[in-house]
Asker: 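One structure, as structure tokens, below. Some questions next.
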Amino acid sequence: MRINNQNKKKPVQDEWEEVSGKLIRTFYFSDKLKIKNFVEKVKKLANKQNQTPEFIVQENYVKISLSDELTGSIGDCCHIFALSVDKLK
């Protein structure tokens, strides 16, 4: 993690991290409309790839958590989905 001085010194997570059996990444945005549009795109992608990401949505960021529903751990499908999400941003 690094500090981005243009973002009021908030941590910026540049990559997906493995935490407690989940892939997690936080995406920062400048306004709520961009957040809404991003979440909608991720939801459509999730439907196509049969994924069920968890979202935490706040005023300026979206945190996405991924794990395989069947195993409760990080599967190949999670990594594939994460790469697809990265292309949306």
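Note that these values count all heavy atoms, side chains included, but never hydrogens, waters or copies made by symmetry.
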Asker: Treating Ile, Leu, Val, Met, Phe, Trp and Tyr as nodes and any side-chain heavy-atom pair under 4.5 angstrom as an edge, say whether L45 and V57 lie in one connected cluster.
Answerer: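 Looking at the clustering, V57 is in the same group as L45.
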
Asker: Could you pull out all residues at least two apart from K32 that satisfy side chain to side chain donor-acceptor pair (under 3.5 Å)?
Answerer: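 Here no residue qualifies.
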
Asker: Report the distance from atom CG of N37 to atom CG of L88, rounding to the nearest 0.5 Å.
Answerer: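 Interatomic distance, N37 CG to L88 CG, rounded to 0.5 Å: 11.5 Å.
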
Asker: Could you check whether any side-chain heavy atom of F81 comes within less than 4.5 Å of a side-chain heavy atom of T52, counting everything from C-beta outward?
Answerer: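 No. Closest side-chain heavy atoms not under 4.5 Å.
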
Asker: Tell me, which pairs form a salt bridge (charged side-chain N to carboxylate O under 4.0 Å, His left out) where one or both residues lie in residues 36-57, sequence neighbours left out?
Answerer: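 Only K22-E54, E40-K43 qualify under salt bridge (charged side-chain N to carboxylate O under 4.0 Å, His left out).
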
Asker: Should the heavy atoms of other residues, nucleotides or ligands under 6.0 Å from CG of N50 be counted, would the total exceed 12?
Answerer: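 For N50, atom CG is not crowded (no more than 12 foreign heavy atoms under 6.0 Å).
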
Asker: Which atom pair, heavy atoms only, marks the closest approach of S67 to G21?
Answerer: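 Closest pair (atom of S67, atom of G21, distance): CB-O, 3.7 Å.
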
Asker: First locate atom CG of L66, then atom SG of C77, and finally report the distance between them rounded to the nearest 0.5 Å.
Answerer: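 If we round to the nearest 0.5 Å, L66:CG and C77:SG are 9.0 Å apart.
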
Asker: Show me the pairs that pass salt bridge (charged side-chain N to carboxylate O under 4.0 Å, His left out) and involve residues 64-84, at least two apart or across chains.
Answerer: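 Of all non-adjacent pairs touching residues 64-84, none passes salt bridge (charged side-chain N to carboxylate O under 4.0 Å, His left out).
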
Asker: For the CD1 atom of I35 and the OG atom of S30, what is their distance to the nearest 0.5 Å?
Answerer: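 Spacing of CD1 (I35) from OG (S30) equals 8.5 Å.
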
Asker: Show every side-chain hydrogen bond (donor to acceptor under 3.5 Å, both in side chains) that has at least one partner inside residues 77-89, sequence neighbours left out.
Answerer: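 Residue pairs passing side-chain hydrogen bond (donor to acceptor under 3.5 Å, both in side chains), neighbours aside: W16-D86, R25-D86, Q49-S84.
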
Asker: With sequence neighbours left out, write down each residue that passes side chain to side chain donor-acceptor pair (under 3.5 Å) with S20, or none if nothing qualifies.
Answerer: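 Scan of S20 (side chain to side chain donor-acceptor pair (under 3.5 Å), adjacent residues dropped) gives none.
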
Asker: Please enumerate all residues that pass side chain to side chain donor-acceptor pair (under 3.5 Å) together with E59, with sequence neighbours excluded.
Answerer: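 Checked E59 against side chain to side chain donor-acceptor pair (under 3.5 Å); zero matches.
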
Asker: For F38, enumerate each residue passing the ring pair (Phe, Tyr, Trp, His ring centres under 6.0 Å) test, keeping only those at least two apart in sequence or located in another chain.
Answerer: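 F38 satisfies ring pair (Phe, Tyr, Trp, His ring centres under 6.0 Å) with F27, F29 only.
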
Asker: Can you list every ring pair (Phe, Tyr, Trp, His ring centres under 6.0 Å) pair that touches residues 43-65, not counting sequence neighbours?
Answerer: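 Listed once each, the pairs are Y28-Y61.
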
